[in-house]
Undergrad: 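Handing you this structure, nothing more for now.
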Amino acid sequence: MTASQNGSDSTLWPTPSAARVFSERRRRLLDRYPEPALFVAGFCRPRNFPANQHAFRAESHFLYLVGRSLEGAVLSTGGGNAVLYVPPPDAEAVLWAGPQSSLADLEKELEIAVRPIDELSASPELATLPPQDGDTAEWLSERLGRDVDSGSGDDLDGADAKLADVMVELRLRHDAAAAAQIRQAVAVTELAHRGGMAATRPAIREAVVRAAMEQAIIANGMTCSYGSIVTGHGEVLHNERHDGVLEPADLVLADVGAETPEGWAADITRTWPVSGHYTSTQRTIYELVLDVQRAAIDAVQPGASYRDVHHTAGRRLVSGLVELGILRGDAQELFERGAAALFFPHGVGHLLGLDVHDMEDLGDRAGYAAGRKRSTSATDRFLRLDRDLEAGMAVTVEPGFYRIPAILDDSERVAPFVDALNRDELDKFSDVRGIRIEDDVLVTAEGNDVLSRSIPKHPGDVEATMREARGG
Ligand code: GLY
Ligand code: MN
Ligand code: MN
């Protein structure tokens, strides 16, 4: 185990963004939205008694503009000014939670005017964004004197809708500090994936591999940006069970990402063999998914449409399946009829940023360009992003191949392809349940930058990494 694998590599400890990053973001917000607005941080949801709280993580729009998870705080903007309202330090809390920052401390650290929350005046005309939990929405509704629903980004109107559009405009293209934060999250996620490959062996539970991966994240001062998927049943797309015992012939699909304390996410998937060696059938499908992913990443260019990236992946997958004899017929025609979704039923990726699916709290207004709508076609219905790509955007590229019984045993779903689907050929790949390969990609002026490129991905590199971890 290297120094960095056991978590002692302090160079990966998160580096906070400078206070001026947030004042610059607030200035850009005020330029685009000069009217009054409120951004809530939100509240912790305790369990069985008020002090049984899990770590608090503020709402993402608040984090974007303030950079610190301050429970119960509100950022007020308008008229060229930004003021942060916070609950004053509680003298009692020192006993349980240690020293509390005073308002003056916060003012100095965050370089913003700070006032006690009781001085916040609010009225129904103030614009705001939907919080993610009901308690915060209720608190905000009382303050504003109007109903604010939680998680209702698709139904906004009036000033709230305008504010949401401004936030999308600001957050779609990452500034240098945001890109640096995502890179930090990716670097720690690399340790997690290497740690997972090293920990994998037959007859252990998936939970043991998950623990090895999350250990790297926790030991480097980060948290998970979503519930880790570490499974021998990759055909369950977002499988969050970890109780399975890994068999030597299984593949582990690990979709695990770190999040920095400022909230910036990585979202990365690798699929590796429990035995340390892909069987020839697993390798064949793995190489096909890798080829599909390479083509899709190449299509990530400024000016390109992300829907085309998705279609590039689907088209390449169908051609590969025709070459393997799993599908029969003309690849282009099969793709147009929706054959890709038999084995790859989700979108090829999504926006990545402060949230793993960035800004999906605002519904499709972030993922879909004005005038574009979700399609109901099998190929596109789970496509979460339909915009023309611009330098500064970060996206995931995550094609997969899955043998999903709920699809392949559904006679209605398969009916249009009964003649095309060669089940005898497909059955030869029965040791492949699900393979997904996911990287985080920054769109640049020249093309793209695969931020997670150094996480082993080519089958030979994955096998070598596992071999080295096992001592040769
Ligand atoms: N980890 C969730 C996703 O890949 O979208
Ligand atoms: Mn993922
Ligand atoms: Mn993803």
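Just so you know, residue 1 is the first one in the sequence shown, and it goes up from there.
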Undergrad: Do any N or O atoms from the side chain of His350 and from the backbone of Gly367 form a donor-acceptor pair under 3.5 angstrom?
TA: no

Undergrad: Between Asp250 and Arg433, does at least one N-O distance fall below 4.0 Å, as a salt bridge requires?
TA: yes

Undergrad: Does this structure show an ion pair linking Asp298 with Arg294, if we count only N-O contacts that are shorter than 4.0 Å?
TA: no

Undergrad: Side chains of Val395 and Val309: does their closest heavy-atom pair fall under 4.5 Å?
TA: no

Undergrad: Begin from the C-alpha positions of Asp267 and Thr396 and carry the test side-chain hydrogen bond (donor to acceptor under 3.5 Å, both in side chains) through to its verdict.
TA: CA-CA 7 Å; Asp267 178 12; Thr396 66; 4.8 Å; no

Undergrad: For Leu389, does its backbone N or O pair with a side-chain atom of Tyr306 as donor and acceptor, under 3.5 Å?
TA: no

Undergrad: Assess the residue pair Gln181 and Thr260 against the criterion (side-chain hydrogen bond (donor to acceptor under 3.5 Å, both in side chains)); give the C-alpha distance rounded to whole Å, side-chain angles, the decisive distance to 0.1 Å, and a yes or no.
TA: CA-CA 7 Å; Gln181 287 281 316; Thr260 70; 2.6 Å; yes

Undergrad: Can you name the closest pair of heavy atoms from Ile117 and Arg143 and give their distance?
TA: O-NH1, 3.8 Å

Undergrad: Does Arg173 offer a backbone N or O that forms a donor-acceptor pair with the side chain of Glu390 under 3.5 Å?
TA: no

Undergrad: Counting C-beta onward and ignoring hydrogens, is there a side-chain heavy-atom pair between Ser452 and Thr189 closer than 4.5 Å?
TA: no

Undergrad: Between Arg57 and Gly263, is there a donor-acceptor pair closer than 3.5 Å when you use the side chain of the first and the backbone of the second?
TA: yes

Undergrad: With rounding to the nearest 0.5 angstrom, report the CG to CD1 distance, Asp255 to Ile229.
TA: 4.0 Å

Undergrad: With a 4.5 Å cut-off on side-chain heavy atoms, are Ser305 and Asp388 touching?
TA: yes

Undergrad: Judged by atom type as modelled, is there a donor-acceptor pair below 3.5 Å linking the side chain of Gln132 to the main-chain atoms of Glu59?
TA: no

Undergrad: Can you list the steps and then say if Ser17 with Arg20 is a side-chain hydrogen bond (donor to acceptor under 3.5 Å, both in side chains)?
TA: CA-CA 8 Å; Ser17 306; Arg20 70 181 147 65; over 6 Å; no

Undergrad: Are the ring centres of Phe62 and Phe39 closer than 6.0 Å?
TA: no

Undergrad: For a 4.5 angstrom cut-off between non-hydrogen side-chain atoms, does Leu172 reach Arg387?
TA: yes

Undergrad: With a 4.0 Å cut-off on N to O distance, would you call Arg146 and Asp160 a salt bridge?
TA: yes

Undergrad: As a test of understanding, state which of His310, His357, His346 forms a side-chain hydrogen bond (donor to acceptor under 3.5 Å, both in side chains) with Arg384.
TA: His357

Undergrad: So, Ser225 side chain and Val356 main chain: donor-acceptor pair closer than 3.5 Å or not?
TA: no

Undergrad: Does Asp439 come within less than 4.0 Å of Arg453, counting only side-chain N to carboxylate O?
TA: no

Undergrad: Apply side-chain hydrogen bond (donor to acceptor under 3.5 Å, both in side chains) to the pair Ser375 and Asp380, showing each step before the final yes or no.
TA: CA-CA 6 Å; Ser375 155; Asp380 290 344; 4.5 Å; no

Undergrad: Considering only heavy atoms from C-beta outward, does the side chain of Leu140 approach that of Val74 to under 4.5 Å?
TA: no

Undergrad: Would you say the side chain of Leu156 lies within less than 4.5 Å of the side chain of Arg365, judging by non-hydrogen atoms?
TA: yes

Undergrad: Out of Leu317, Leu290, Ile437, Val348, which residue meets the side chain to side chain contact (heavy atoms under 4.5 Å, CB included) rule with Pro399?
TA: Val348

Undergrad: Side chain of Arg436, backbone of Leu237: donor and acceptor closer than 3.5 Å?
TA: yes

Undergrad: Only one of Val252, Ile435, Thr231, Val289 passes side chain to side chain contact (heavy atoms under 4.5 Å, CB included) with Thr271; say which it is.
TA: Ile435

Undergrad: Below 4.5 Å, heavy atoms only, C-beta onward: do Leu63 and Ser69 meet side chain to side chain?
TA: yes

Undergrad: So that I can tick it off, tell me whether Glu206 and Arg210 are bridged by a salt bridge, with the cut-off set at under 4.0 angstrom between side-chain N and carboxylate O.
TA: no

Undergrad: Are Glu262 and Pro16 side-chain neighbours, meaning at least one heavy-atom pair lies under 4.5 Å?
TA: yes

